[in-house]
Amino acid sequence: MTIDSSDSLGSLTTTKTVEEMVGSNVSSLRESNITNNSNCGTVSVGFPITMMVTGMVGNSLALILVYISYRKKENRRKKSFLLCIGSLALTDLFGQLTTSPVVISVYRAGLKWELIDPSDKLCAYFGVCMTTFGLCALFLASAMAMERALAITNPHWYSNHMRTSVTKQTLAVIWCLVLLFALLPIAGIGKYTRQWPGTWCFISTGDSDVPGNMFFAITFAALGIFSLLVTLSCNVMTIRGLIIRCKTKSGTSQSSKQWERLTTETVIQLLGIMCVLIICWSPLLVLMLRMISSKVSSHECNPSLKPNHMSSRDVHLDCNFFLTAIRLASLNQILDPWVYLLLREILLRKFCIMANAVSNCSLEEKEKETQTALDALNKQDQDSSNLCKS
């Protein structure tokens with residue numbers, strides 16, 4: 001059986017034509033995906049702008065209020081706590097100012113990091129800022145929780161040993177240790193990489209080939225979880241101590257009523273702080289441990305870096321959720337000044353007024369019910385006495 005050369009050439013040209021058509025379709029799909037990502041980036045640029053403006057306003061107001069309260073002579077016993085709140089507000093403010101402009105610039109560049117950072121040195125700077133300000137906020141929250149727990153559970157030791165100089169030294173140590181830890185990738189231990197969708201840089205969780213990368217990522221997640229546990233346990237101790245002291249001081253005097261009001265406000269504030277910390281930081285830390293165990297990194301979601309390395313399921317579950325988790329952690333920088341300082345005078349008093357009104361209404365209803373029951377009993381007694389007389 002003979003094969004015609006023209007038929008063979010025709011089949012080859014047909015195969016090449018089909019391959020060219022498939023390649024053109026794939027390239028057009030990639031281009032459409034890139035344009036969709038860029039359009040999505042232009043739409044999403046409002047999110048980092050809103051977060052930056054809101055964080056700047058809240059933390060600036062908190063710093064002003066802390067400064068005014070710190071200068072008052074009657075607040076000498078509260079200076080340690082005011083120093084902690086001021087440091088936390090300053091940390092959150094610098095965290096917003098150092099990272100948000102970079103994210104906004106990348107969004108405006110169409111999600112192309114290379115246009116604003118050809119040397120890729122800005123990624124290391126961004127990662128250091130994210131690690132430093134994230135861990136500092138967590139450790140400062142733990143320091144404030146420990147300070148409150150000591151002031152409530154052991155007031156005599158607190159009044160004798162707790163000085164503003166000790167608070168300043170503790171804050172300085174926290175800052176220095178966290179900054180040294182964040183600089184480890186610059187020294188070659190660990191690595192900061194661009195994360196999905198290419199608008200921010202953070203710790204790589206999947207590069208096991210980089211020296212010390214797994215140690216650096218696991219240590220960050222472990223320190224964050226440890227700080228959360230310390231904050232939660234200290235706040236629970238504070239709430240328990242407040243409730244015990246409130247029961248011992250219960251009475252009808254004005255001081256006991258004021259102590260009950262302050263206890264209620266503080267307990268509500270501490271519960272709000274614990275809820276905000278858990279909601280904002282737990283998803284990121286738990287997801288980091290999950291991605292470290294599976295050796296998956298968010299920067300692998302970018303198809304221009306490592307194509308066909310991850311399945312579509314991993315892309316949707318890990319990458320998008322990791323982006324949401326880091327946004328929740330950034331949201332904590334905005335909520336901190338409100339849950340620690342600004343909302344205390346606004347919402348907590350109103351909540352206490354509402355609670356008192358509800359309790360007063362319930363007491364009035366109970367009094368009306370008891371009065372109605374007494375009237376019914378009196379009426380029955382009168383009827384029975386009238387029957388006896390008759």
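Pairing each heavy atom of Thr205 with each of Met288, the nearest pair is CG2-CE, 4.2 Å. Considering every non-hydrogen atom in both Ser60 and Met56, the closest pair reads OG-O, 2.6 Å. What you find for Ala182 and Thr132 is that their closest heavy atoms are CB-OG1, 3.2 Å. Annotation for Ser282 and Leu228: closest pair OG-CD1, 4.1 Å, computed over non-hydrogen atoms.
A donor-acceptor pair shorter than 3.5 Å cannot be found between the side chains of Thr164 and Ser80. Tyr192 and Thr131 are linked by a side-chain donor-acceptor pair at a separation below 3.5 angstrom, with hydrogens and angles left out of the test.
Put simply, CH2 on Trp175 and CG on Leu140 are 8.0 Å apart, with the number rounded to the nearest 0.5 Å. Interatomic distance, Thr153 OG1 to Arg148 CZ, rounded to the nearest 0.5 Å: 12.0 Å. How far CZ of Phe139 is from CE of Met144: 13.5 Å, rounded to the nearest 0.5 Å. The structure places NZ of Lys168 at 10.0 Å from OG of Ser87, a figure rounded to the nearest 0.5 Å. Going from atom CD of Gln333 over to atom OG1 of Thr54 covers 12.5 Å, rounded to the nearest 0.5 Å.
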Checklist line | Pair Cys123-Thr193, side-chain contact (heavy atoms from CB on, under 4.5 Å): steps then yes or no | finding: CA-CA 7 Å; Cys123 184; Thr193 55; 5.5 Å; no

Check: Would Phe94 and Asn59 satisfy side-chain contact (heavy atoms from CB on, under 4.5 Å), going step by step from the backbone distance to the final call?
Finding: CA-CA 10 Å; Phe94 273 101; Asn59 289 296; over 6 Å; no

Notebook entry, point to check: Please walk me through it: do Met291 and Phe322 pass side-chain contact (heavy atoms from CB on, under 4.5 Å)?
Noted result: CA-CA 10 Å; Met291 295 176 74; Phe322 196 65; 3.6 Å; yes

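Ring centroids of Phe81 and Tyr70 are separated by 6.0 Å or more, keeping the two rings apart.
Side chain of Thr231 to backbone of Ala145: no donor-acceptor contact under 3.5 angstrom is found. Side chain of Asp117 to backbone of Trp113: no donor-acceptor contact under 3.5 angstrom is found. With Ser233 contributing its side chain and Leu229 its backbone, the two residues share a donor-acceptor pair below 3.5 Å.
With contacts defined as side-chain heavy-atom distances shorter than 4.5 Å, the pair Glu114/Arg194 qualifies.
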